[in-house]
Amino acid sequence: MKYSDFRSDTVTKPTDKMRRAMAEAEVGDDVIGVDPTVQKLETLAASIMGKEAALFCPSGTMGNSIAVKTWTHELQEVIVEAKSHIFNLESTHLTFISRVTPRPLASNRGAMDPDEVERAIKIPNVHTPETTLLCVENTHNNWGGAVVPLSNFQALRRVADRHGLRLHLDGARIYNASAASGVPVLEYAKCVDSIMFCLSKGLSAPIGSMLAGPRNFIDFGRRIRKALGGGMRQVGIIAAAGLIALTEMPARLAEDHARAKTLARGIAGLPGVQLNPAEIETNIIIFGFEHPRFPVPAFVAELARRGIGVLGAPSGAGIRMVTHKDVDDADVEAAIAAFRAILAG
Ligand SMILES: *Cc1c(COP(=O)(O)O)cnc(C)c1O
């Protein structure tokens, strides 16, 4: 039986072209700064994002960890969105590595209210931490791949400037945001001091994320990366796949978004499925699920038995499905058919 894997876009396999590029990559020891393929990737990423420099990181979590560690020090506070990946899903590096206080704020589908952010910024005094960093996310994972509008970024930039805050963008899926909104990634990046984005996930590289920002930020970040154990040697082998991810894969993301909409429309309205297809903007579908015969884990297992992979949503009361390069129209049809067979029967 074919397995249609909607658990995440992290399951994407490298393309044949990536595998060939990996085999043929020119490499050197990147820790001493002599891997030409990594250098090419870092230069390209910096120029696409309009930043002075970029750093190749083994994961998005490490990229975000390095950004927070580099922009802050202890006795400080970081404003984060309440459902953000950086606050909820990165094993507490804000406190564990950077030793800063996270200040979570609610949002409207990932867009924090600039006035609320401004009110949350602390005036330096002896009692409280100093607020020095604001983190934003686009697309917003836990808000079901929501696209945070450029106007929100611009408003948050003005707040950050008034109070001397740094602004970091967790843009793990910034290319999905761009594909859905038509706003070039550079326009989002222009609003922030630093950006992290993933080459894995929808762009289908096997490993790797980029962190881009000012030269001295990246220089210090490189030392933090080494301290965290992220200094890698002939890593051009992986960067070669990253170059293809960055140059060739963004163009196909709209296809994933169209399939997510088709899938959402196909399962909305079935018994137990609490989903408004109009809210699906990119490749992530998160929906509430409540059914008298199927608790979420039982339903997930029943779908798996029929060859459809989904995940329980982080909230526990719902389900998460993600479209990507390695699911096609037939996989979407198979998923809709499995939902109908289980729930309409
Ligand atoms: C996946 C993801 C990350 C980090 O990714 P890893 O490479 O798995 O560490 C960060 N932020 C968001 C929003 C993500 O979806």
Side-chain angles (χ1 to χ4, degrees), residues 6-12 14 45 54-69 78 80-94 96-98 102 104 107 109-112 133-148 153 167-180 185 188-189 192 194-212 221 224-225 228-230 232 235 238-239 241-242 245-246 249 253 256-257 260 281-286 311 313-315 320-325:
F6 292 93
R7 290 174 300 180
S8 179
D9 49 8
T10 57
V11 304
T12 46
L55 183 67
F56 184 53
C57 298
S59 71
T61 298
M62 190 183 284
N64 282 336
S65 306
I66 292 169
V68 175
K69 184 70 191 164
V78 175
V80 293
E81 196 275 338
K83 288 170 61 157
S84 63
H85 198 277
I86 208 165
F87 180 49
N88 295 283
L89 294 170
E90 299 185 5
S91 302
T92 73
H93 67 75
L94 287 164
F96 175 58
I97 296 171
S98 293
S107 77
R109 294 178 58 75
M112 285 181 275
L133 178 65
L134 169 60
C135 294
V136 289
E137 180 173 323
N138 204 13
T139 61
H140 199 297
N141 189 338
N142 276 346
W143 278 100
V147 179
V148 178
F153 277 80
L167 190 45
H168 172 68
L169 169 55
D170 174 352
R173 293 187 183 80
I174 195 64
Y175 278 95
N176 293 87
S178 177
V185 292
Y188 294 112
V192 300
S194 57
I195 175 172
M196 184 286 291
F197 66 96
C198 294
L199 301 166
S200 56
K201 306 196 173 165
L203 300 186
S204 308
I207 301 165
S209 295
M210 304 304 300
L211 179 63
I224 302 293
R225 186 186 67 176
L228 295 176
M232 300 180 287
V235 69
I238 307 175
L246 193 47
M249 303 306 277
L253 293 176
D256 298 341
H257 300 175
E281 296 178 76
T282 59
N283 66 330
I284 302 178
I285 305 172
I286 294 178
L311 282 181
S315 70
R320 178 180 190 262
M321 297 178 77
V322 185
T323 55
H324 52 78
K325 170 179 76 62

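The figures here come from the full heavy-atom set of this structure, side chains too, leaving out hydrogens, waters and symmetry mates. Along the sequence shown, residues carry numbers from 1. Counting convention: from 1, in listed order, for ligands and their atoms alike.
When hydrogens are left out, the protein atom nearest atom 6 (P) of ligand 1 is G60 N, 3.5 Å; that is the closest non-hydrogen contact. The single protein non-hydrogen atom nearest to atom 13 (C) of ligand 1 is E137 OE2, 3.2 Å, given as residue, atom name and distance. For atom 11 (N) of ligand 1, the nearest protein heavy atom (residue, atom name, distance) is D170 OD2, 2.6 Å. Shortest contact from atom 2 (C) of ligand 1 to any protein heavy atom: K201 NZ, 2.2 Å.
Judged by the shortest distance from any of its heavy atoms, H140 lies outside the 4.0 Å radius around the atoms of ligand 1.
At a heavy-atom distance under 4.0 Å, only side-chain atoms of N64, from C-beta outward, approach ligand 1. Looking at M62 against ligand 1, nothing comes within 4.0 Å, counting heavy atoms. Under 4.0 Å from ligand 1, heavy atoms of T61 appear from its side chain as well as its backbone.
Those atoms of ligand 1 that come under 4.0 Å of a heavy atom in S59, given as number and element, are 7 (O), 9 (O). Each of the following atoms of ligand 1 lies closer than 4.0 Å to a heavy atom of E90: 10 (C), 11 (N). Atoms of ligand 1 lying under 4.0 Å from at least one heavy atom of M196, given by number and element, are 10 (C).
With F197 as reference, I174 is the one residue of I174, N138, L169 to meet the side-chain contact (heavy atoms from CB on, under 4.5 Å) rule. None of H93, H85, K69, H168 except one satisfies the side chain to side chain donor-acceptor pair (under 3.5 Å) rule with N64; the exception is H168.
Between L199 and F56, the closest side-chain pair of non-hydrogen atoms falls below 4.5 Å. With contacts defined as side-chain heavy-atom distances shorter than 4.5 Å, the pair R225/M62 qualifies.
A side-chain donor-acceptor contact under 3.5 Å links H257 and N176. For N88 and N142, the side-chain atoms include no donor-acceptor pair closer than 3.5 Å. Under the 3.5 Å distance criterion, with hydrogens and angles disregarded, a donor-acceptor pair is assigned to the side chains of S107 and E81.
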